[in-house]
Every structure is written in C-alpha cells, then in structure tokens.
There are 2 protein chains.
Amino acid sequence: MPSRSAVPDGKRPTLSDLAARAGVSVPLASMVMRGAKGPSAASRERVLQAAQEIGYRPDSRARLLRSSRSHLVGVQFDLRQPFHADMVEALYAAAGAAGYQIALSAVAASRSEQEAVETLLADRCEALILLSPHAPAARLAELAAQLPVVSVARRLRPLTDGVDVVRAADDEGARQAVDHLVALGHRDIVHIDGGRAPGAADRRRGYKSAMKHHGLTDRVRLVPGGLTEDHGAAAARTLLAEAARPTAVLAFNDHCAIGVLDTFLRARIPVPDEISVVGFDDSHLARLAHVQLTTVGQAAPQLARRAVSRAVARLEGGATDDEREVVVTPHLVIRSTTKTPCRS
Amino acid sequence: MPSRSAVPDGKRPTLSDLAARAGVSVPLASMVMRGAKGPSAASRERVLQAAQEIGYRPDSRARLLRSSRSHLVGVQFDLRQPFHADMVEALYAAAGAAGYQIALSAVAASRSEQEAVETLLADRCEALILLSPHAPAARLAELAAQLPVVSVARRLRPLTDGVDVVRAADDEGARQAVDHLVALGHRDIVHIDGGRAPGAADRRRGYKSAMKHHGLTDRVRLVPGGLTEDHGAAAARTLLAEAARPTAVLAFNDHCAIGVLDTFLRARIPVPDEISVVGFDDSHLARLAHVQLTTVGQAAPQLARRAVSRAVARLEGGATDDEREVVVTPHLVIRSTTKTPCRS
DNA sequence: CATTTGATTTATAACGTTGTAACGACGTTG
DNA sequence: CAACGTCGTTACAACGTTATAAATCAAATG
C-alpha cells in the first residue's frame, strides 16, 4: 500500500508540519499561506517551497472555524432547472471576485428546500442566496432573522423583512418581445403564460401593457401554459385546433417555447414562416444550432453579481434599505424563430 | 434592527450557550446533540428542549475539525450535463444512507475540474466521487494517492492505481437497444457515435457485436456524432442526404437523439413510422410527453449507490481490490420512438 | 455500614487555523 | 548613548466541537 502523503504518519500535512519543514513558526507559515503582509520575501519563499514539497493544503474548515468571518455564501439551487445551472456558474465567478466562496446545496425531487437550507446553515454560511425559492414568505423571513437572505427570481409581494430580492424585469422583457414582434409587422400575438410560476404574473402584465401601448388591446390573448415542454405542447395544440391562428407566440419560457416549436413542427407549420415564436430565459436550449430560438435573456451574470453584492453589502454593513429589490433589465436575443409574417 | 438570534450577543448559539441554557455541561450537550448513548432520558429531554428554544444548530465545520473522520464525500459534477443532475440527486440519497454527507463542487465553462477538486480537498473531504472526469489518468492517480477516488462513467483503460471505476455496461446497453430494434424487424440500423466521449467506444463495440450476433455484420454503419443536439442534427442531415436511408438509428445519447428527431421532423420524416430512434441515458429529456424517447437507462440510483459504497469501503477498510471496476447493467426503456418498420 | 458496581456526568485536552500582543534585532534620532 | 520606531518573527489564546479519562452519585452487594 502506497503512502498517502508526504508526512510520516500518513495523515494529511498541517500547518505545523509545514512550519517544521520550512524551519519557521506556525503563525509565520500561516501568514505566508494566506498571503498576509508581514513575512519577508525570503521566509515567504522558503515556506512556499516547503508547501510544495509536502503538498500542504490549508484546511478551510479550521480556517473558517477560527476566523469569525467565514466568507462563505450558501447557494440553494434546483438541479432540474437549467437556468439555475447558468446562475450557479455565474455565482462562482461573482462570489470569487468579491472575495467569497460559495457552498452549494441542491434541491431535487427527493431533496427539499428545507433540507438544502439546513445543511447550508450547518456549514456556517454567512449569507444565503436562494434561486427561485418556493418556501413561504414567513419561512424566508424567519431565515432572514438569522442571516442575510437573497431571493433570486422570486418576487416577494410585500417586501419581506430582511429578505433582499434580485430579479429580472419580467414585464420589461415581455414588452421587448412584443415590441420586436410588432416591429416585424405582427398583430395577432398570443401569450402562453406560466400560471402561478414566479415571474409569470409580471410577464403577463408586460405582455398586456405592451399590446395596449401598440393599440392592440383587442388582440390580447392568453393561453394557459406552464414551465415545461409539455405545457407548451399542450398550449400549441389548443392553438392548432382553432380556425384563426395567431401569427406569433410569446411563450412563458424557453422550455415552453420548445414544446410549442415541436408541436408546430409535427403539425407541419413552418416556423418562423407561418408563425413566429419567442421564448424567455435564453437558456442553453435556445442556443442550440437547430433551435436558434429568439428569446428574452435574463443575464445570469448580472443577476449573480447583484445577488452577491447585495449579500456582501448586508454582511459588511453597506446595506441601504432602499435597494431591497434589485431589478435587472433583460434584453432580447434575436435568433431565427421570428420573422415578418407572411399574412397579416 | 431585529435581533438575529436568541442569544444576547447576536452571534449564533454554540454548544456552551446550549449547555448553559439546559443547565448541563458542554460535553453532555454534545452527546445529546449527536445522539450518542450515555445521557439519561431526562437530560436528553432538557437539552433538546433548550436547543429548540435558542435555535441551536451544530457547527459542522467545528465537528469535522475535531473528529478525525469527517464523513464527507466530495462530488465533482458538470452543470451542463443533465445526467449529472440525476446522479447528484441519487448521491445525496446514497451518501445519506451510508452515514455520509456530500459536498458539491461544480464544473462549468468557466470553472475547471482542477478548481473543483481543489475546493473539495480544502473542505477535508475523505473521498472524491468524480462524475465523468476528463482529467488525465496520471492526475487521477496522483489524487488517489491522497484519498479514495471513484470515477463514475469514465472508464480507465489500464486500471489506474487507487482509482475505482463505477460505470454502466455501455456495450450491454447498446446491445439491448439493437436487440430491441431487431426484434421489431429492423435490419438497417445505424449508430451515431460519440467520438472520444467517455463510454462512446463501448457503445460502439456493443452495437457492432450485437449486429454481428444477429448476422447483420454487413449492415453495420457508423456515423460520426457527438454529445449534443447539434451533433445529432448534423448526423441526421447526413443520413437524409443519402438515397438508402436506414430504418432505425441508435444515437450516442438522448441529447443527440433529440437532435436527430428534430431534424427528421423538419424533413417531414415521421418517427417512428418511417424511422425508429433510440437514445441513451434516460435523462429527463427522454421522458418529456411530446418526446417519449425509447432509450437505454443508466440507473443513476444504482450507480450512485455503488459509487458511495465503493468509497466507503475504501475508507472503512473493507475494500477488496477485485472490485476496482464496478459495472452496472443498464436497461432499455421502451417509449414511443421505436416501432416495427413499414418497409424492410 | 463499608464497598463495589454501574450509570451519568464532567473536566481536560485536543483538532488546525488565525488574531493579538509581545518579542528581538536593527538602524535612527535627539 | 539612550530612547525610539520599524520590521520580521513568535508565543499564546481562542474558534466550537468531540474523545478520553476521570469524577460523581445512587443503588446494590457483602
């Protein structure tokens, strides 16, 4: 059996092993490892050299334990939502830039938000970033009493005590989509909505007000939909069954839009020639070469940055209460599923 | 500003706060909290009561620091791969059942495997479970010298020292798919392969040998593909451009199969009436109501259980070297994209 | 009644790290 | 020459927990 480390007793090397090896004191070795100012260039050199040799790696748990600040932000995300994947990636970057680390805790069919949050708290996170949390507002408030909590993409009706909200301007996104379609010449624009999903109400509102703004109030038409391909497919079938079809569809999100596209495709209705389709989220689905969905981008990197900076502000005392809800402007990404209508 | 905790000084309650509140010593409180045997029912009751009152929550970092065993398994996964999401979910369950916790570290476009592993090591994980790692075998061996490493779904040609492998029997999966198609009456079955992706070689081999077994050696046909929808779409276009089309396609994975389906759909080729399509992975994509893809299931829960039990065996000394490669049998999930061919 | 037994409880010392304060050596200054 | 900073280094204590061993106590034994 091969030795598992460079130190005799087989355990993983500690600061004191490192200090011994470099011939310096433990605190000095510590200062070098954490890049504190103080140690001379010579000492620094020797310690780093020794660290290399014995394969020393700081123990983050001991670190966090010792320093009152843990510089750790807990992130709760849902494994089933591709948009969350984008957000997690962006959060790694945003947190890193702000000098924080993130701890992930996943939610899935077999793992509740409750469990996810429990483990984050046990890990001594200083703040929580929750991606579209479903927990009741009361529960969020309860958490916020313990530590800063940022809800991303989930709007909280009455601003809940201590809970910050970072979200995209869903209404503005829907408006942009409608503007784009109208500019192309569309008038019969249907919205397949997301029911009670977070953001759905705003998107609905944005759609309606944009239609009104263009003098198309009488063409407003909502079809019940949802978050998944299946919902989109069902809604599309509803539309197909009718005599007068719309010339454009604004779906609740990309998933839903894909379901719509697929159904149209099966029904031999060419997109965008016969009907234009717009999605929402700019998830990777929309970018696929054979999909090339026109969609409203939520700018995950921006949302992530704002969420982190919000949490950090709370932690470091720079929080101003007038920014309890941060709204990021989305932007339309025009690809190949929208086009001037052939009939009007 | 509301108080952030039930303890006066605003910090989060510790064991000694708890002990003080319950009127017992710190060690006793500790024993109660970790469910050790010893404390009397009365003490246990009082401590739990007090914990409830002050909202005490054990600090897992301090716990891990103190006890030499951390009971923490690090999991590296890729945010872009839906199959990994299934695996992570299953790993939570499997690790929990074995008395371990898992720490997640994600890989993405902007976060390398190197970074992911670094943080896991800094977190004092006792073992690493890597989901289809791309790191060179030498690097894995280096890691394995420090702690038990399990590679899931990535086969290592020469069994690398100390690295355990848990994977699905990709060749067997491909064989099942071919058997199914042949049983339906197909003979011209094409395989769109995954190039150099982990598992691709095995699937290719399984396909070929199954074809041979059915006396269809002369019908063997490989089309270069890949892991994404775009790869599948490209391969499908290649097939469409030809005079003699196959009656069935076995795609490298579900993503690839979706690309194939979509391309056929656009070309007005009915699936499964004209061509049958089989995927691989049984990811949630395959289960969508409007897709209903026949596919080869990798049994994430099983893979997860085996991976965890392998890691635990190494940690607890029950590792037997004859099980360094665990192969789980996949199973075919028949949905609606396969059917008896109309022409033969 | 002294004494052993067993069940509970507690004191003490770690785990690996970092913050604080103190230390020594050096050249500067009054 | 003494007092003074400055720089680099170190000793010590602490973070919140748990393992070990020692201490306490009631009950049971002789």
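Each chain gets a letter, A, B and so on, in the order the sequences are listed, and its residues count up from 1.
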Considering all heavy atoms, the nearest B:Gln76-B:Val107 contact: CG-CG2, 3.7 Å
Side chain of B:Ser40 - closest among D:dT17, C:dT8, D:dG8: C:dT8
Donor-acceptor side-chain pairing of B:Arg305 and B:Ser309 below 3.5 angstrom: no
Integer-rounded Å distance: C:dG16 P and A:Arg57 CZ: 16 Å
Rounded interatomic separation in angstrom, taking CZ from B:Arg61 and P from D:dC15: 18 Å
Residue A:Ala62, side-chain heavy atoms: nucleotide from D:dT9, C:dG16, D:dT17 that is nearest: C:dG16
Phosphate OP1/OP2 of D:dT18 contacted by B:Arg63 side-chain N/O (<4.0 Å): yes
Side-chain N or O of B:Ser30 closer than 4.0 Å to phosphate OP1/OP2 of D:dT18: yes
Rounded distance in Å - CZ (B:Arg34) to P (D:dT20): 10 Å
Spacing of A:Tyr56 atom OH relative to C:dG16 atom C1', expressed in whole Å: 7 Å
Minimum-distance nucleotide (side-chain atoms of A:Asp59 versus D:dT10, C:dG16, C:dT10): C:dG16
Nucleotide nearest B:Thr14 (side chain, heavy atoms from C-beta), chosen from C:dT10, D:dG16, C:dT17: D:dG16
Test item: side-chain donor near acceptor, A:Ser70 and A:Arg63, under 3.5 Å: no
Nucleotide of C:dT10, C:dG16, D:dA11 approaching A:Arg66 most closely (side-chain heavy atoms): C:dG16
Length of the CG-P vector between B:Leu15 and D:dC15, whole Å: 13 Å
Spacing between B:Asp123 atom CG and C:dC15 atom P, to the nearest angstrom: 21 Å
Euclidean distance, atom CZ of residue B:Arg69 to atom P of D:dT17 [Å, nearest integer]: 21 Å
Salt bridge flag under 4.0 Å for residues B:Asp59 and B:Arg61: no
Integer-rounded Å distance: D:dT17 P and B:Leu18 CG: 9 Å
Heavy-atom neighbours of B:Arg154 CZ exceed 12 at 6.0 Å: yes
Closest nucleotide among D:dG16, C:dT10, D:dA11 to the A:Leu65 side chain: D:dG16
Presence of A:Ser43 side-chain N/O under 4.0 Å of D:dT9 phosphate oxygens OP1/OP2: yes
